[in-house]
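Since we're looking at a predicted model, the values are computed, not measured.
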Amino acid sequence: MRVQSSATAPAPIAVAAPPRGHGFGALQAALGVVAFSLTFPATAWGLEGFGPWSLVAVRSVLAAVIAGGCLLALRVPLPARRHWPGLAVVAAGVVLGFPLLTTLALQTSTTAHAAVVVGLLPLTTALFSALRTGTRPSRTFWAAALVGAAAVVAFTVQQSGGALTAADLYLFGALLICAAGYTEGGRLAGAMPGWQVVGWALVLCLPLTVPVAAVALSAEPVHLTTHSVTGLLWVAAGSQFLGLIVWYRGMAAIGIPKASQLQLAQPLLTLFWSVFLLGEHLPAAAPITAVAVLVCIAVTQRARG
């Protein structure tokens with residue numbers, strides 16, 4: 001499974017595709033991809049009125065309130081004790097680490113640049129999954145993964161003038177910690193629905209995110225604008241919760257392989273939003289590198305078995 005926040009796409013879960021409702025399922029999966037592709041532009045909007053710590057903490061609190069309300073309304077029982085360590089890993093990677101590191105990066109990086117770098121997340125997650133589960137992907141898989149990683153590193157160094165910037169380090173750190181969270185979330189999704197994995201991870205973070213939000217809001221200046229409020233609401237409700245619901249429903253309806261193919265469009269969609277919503281100028285290397293990474297991901301999808 002690939003689970004995004006903030007920011008980007010969820011890790012796949014092992015669910016069989018029922019024969020009916022295929023068209024509606026594909027629509028739901030596509031809506032999930034669109035929701036995740038808007039995460040970075042929405043974060044950039046949110047940073048117009050909030051500090052990075054305020055944005056991340058308030059985003060997590062709002063998403064946890066929505067998730068907790070759904071869990072209570074549906075009377076979902078508490079997860080078994082053996083699942084809580086895994087939920088803690090999901091919380092650290094998906095709820096806290098990835099949103100915080102990418103938000104810090106977007107203070108100085110364009111969303112287009114971040115989209116290309118984080119486009120490597122599916123490959124990074126696959127590597128973590130192989131280490132965690134002990135699977136042995138084919139040589140074709142590893143070759144494609146290395147080519148994709150090399151393309152992103154070359155793009156990053158070229159765009160940074162020959163040296164990695166602080167934003168690049170934040171983004172690469174986000175890749176690693178989010179991949180760990182996605183991998184553990186994928187394992188847990190075999191025992192409970194994917195939205196519940198994210199929901200409980202959000203609720204688990206409340207004792208930390210509530211006081212951090214209170215302190216950050218008092219320490220960082222807040223300027224409420226249409227952009228900043230819209231960005232905050234989207235990353236909280238759209239990226240980190242509602243997008244996951246339609247994504248998992250769509251994945252259950254059409255199956256993992258077809259859903260994964262839809263997700264290949266996510267980095268390119270983010271590049272489009274960065275131009276359309278933020279007015280950013282795309283360097284020629286951005287779409288070229290994004291397409292190269294997508295080709296590598298497509299190869300790994302076919303070679304993993």
Side-chain angles (χ1 to χ4, degrees), residues 3-8 10 39-40 42-74 76-79 81 83-108 166-167 169-171 173-174 176-182 184-185 188 192 195-225 227-244:
V3 179
Q4 234 130 241
S5 73
S6 50
T8 86
T39 299
F40 283 176
T43 299
W45 274 4
L47 286 171
E48 293 180 12
F50 296 90
W53 292 89
S54 300
L55 181 61
V56 173
V58 174
R59 158 189 177 166
S60 297
V61 170
L62 291 178
V65 169
I66 297 172
C70 292
L71 291 169
L72 286 174
L74 297 175
V76 177
L78 288 171
R81 179 179 297 182
H83 296 321
W84 284 107
L87 288 171
V89 175
V90 176
V94 178
V95 177
L96 299 176
F98 185 81
L100 178 60
L101 291 174
T102 53
T103 299
L104 291 173
L106 286 171
Q107 290 186 105
T108 55
L169 296 178
Y170 283 138
L171 291 171
L176 296 177
I177 193 170
C178 190
Y182 279 0
E184 198 63 22
L188 288 173
M192 66 183 77
W195 76 269
Q196 292 182 23
V197 174
V198 177
W200 286 118
L202 286 165
V203 171
L204 182 63
C205 290
L206 277 175
L208 176 62
T209 54
V210 169
V212 170
V215 172
L217 287 172
S218 63
E220 294 178 334
V222 175
H223 305 287
L224 298 181
T225 64
H227 275 184
S228 63
V229 173
T230 301
L232 171 63
L233 292 178
W234 182 260
V235 294
S239 300
Q240 201 149 22
F241 190 68
L242 297 178
L244 292 173

Might you work through the side chain to side chain contact (heavy atoms under 4.5 Å, CB included) test for L208 and L96, ending with a clear yes or no?
CA-CA 10 Å; L208 176 62; L96 299 176; 3.8 Å; yes

Could you check T102 against F40 for side chain to side chain contact (heavy atoms under 4.5 Å, CB included), going step by step and ending with a plain yes or no?
CA-CA 8 Å; T102 53; F40 283 176; 3.9 Å; yes

Step by step, would you call T225 with W45 a side chain to side chain contact (heavy atoms under 4.5 Å, CB included)?
CA-CA 9 Å; T225 64; W45 274 4; over 6 Å; no

Where do Q107 and L47 land on the side chain to side chain contact (heavy atoms under 4.5 Å, CB included) test, with the steps shown first?
CA-CA 7 Å; Q107 290 186 105; L47 286 171; 4.3 Å; yes

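Residues F50 and S228 approach most closely at CE1-O, 3.8 Å, considering heavy atoms. Annotation for L224 and V222: closest pair CD2-CG1, 3.8 Å, computed over non-hydrogen atoms. Looking at every heavy atom in both residues, T108 comes nearest to A167 through OG1-CB, 3.4 Å. Here the closest heavy-atom approach between residue S60 and residue V95 is recorded as OG-O, 3.5 Å. Shortest non-hydrogen contact noted between T43 and L55 is O-CD2, 3.7 Å. Nearest approach of L202 to A64, heavy atoms of both residues: O-CB, 3.6 Å.
Partner of P99 under the side chain to side chain contact (heavy atoms under 4.5 Å, CB included) criterion, out of V56, V94, V235: V56 alone.
To the nearest 0.5 Å, atom CD of residue E48 and atom CG of residue L232 are 13.0 Å apart. Note that the CG atom of L87 and the SG atom of C205 stand 10.0 Å from one another [nearest 0.5 Å]. Note that CG of L188 is 11.5 Å distant from CD of Q196, once rounded to the nearest 0.5 Å. To the nearest 0.5 Å, atoms CH2 (W53) and CG (L104) are separated by 6.5 Å. Within the model, atoms SG of C178 and CG of L171 stand 12.0 Å from one another, a figure rounded to the nearest 0.5 Å. Between the CH2 atom of W195 and the SG atom of C70 there is a distance of 5.5 Å, given to the nearest 0.5 Å.
Side chain of E184 to main chain of V89: no donor-acceptor pair is present (N/O by atom type, distance under 3.5 Å, no hydrogens or angles). Not one N or O on the side chain of T230 forms a donor-acceptor pair closer than 3.5 Å with the backbone of H227.
In this pair, W200 and W84 present their aromatic rings perpendicular. The plane angle is above 60°, beyond the 30 to 60° band.
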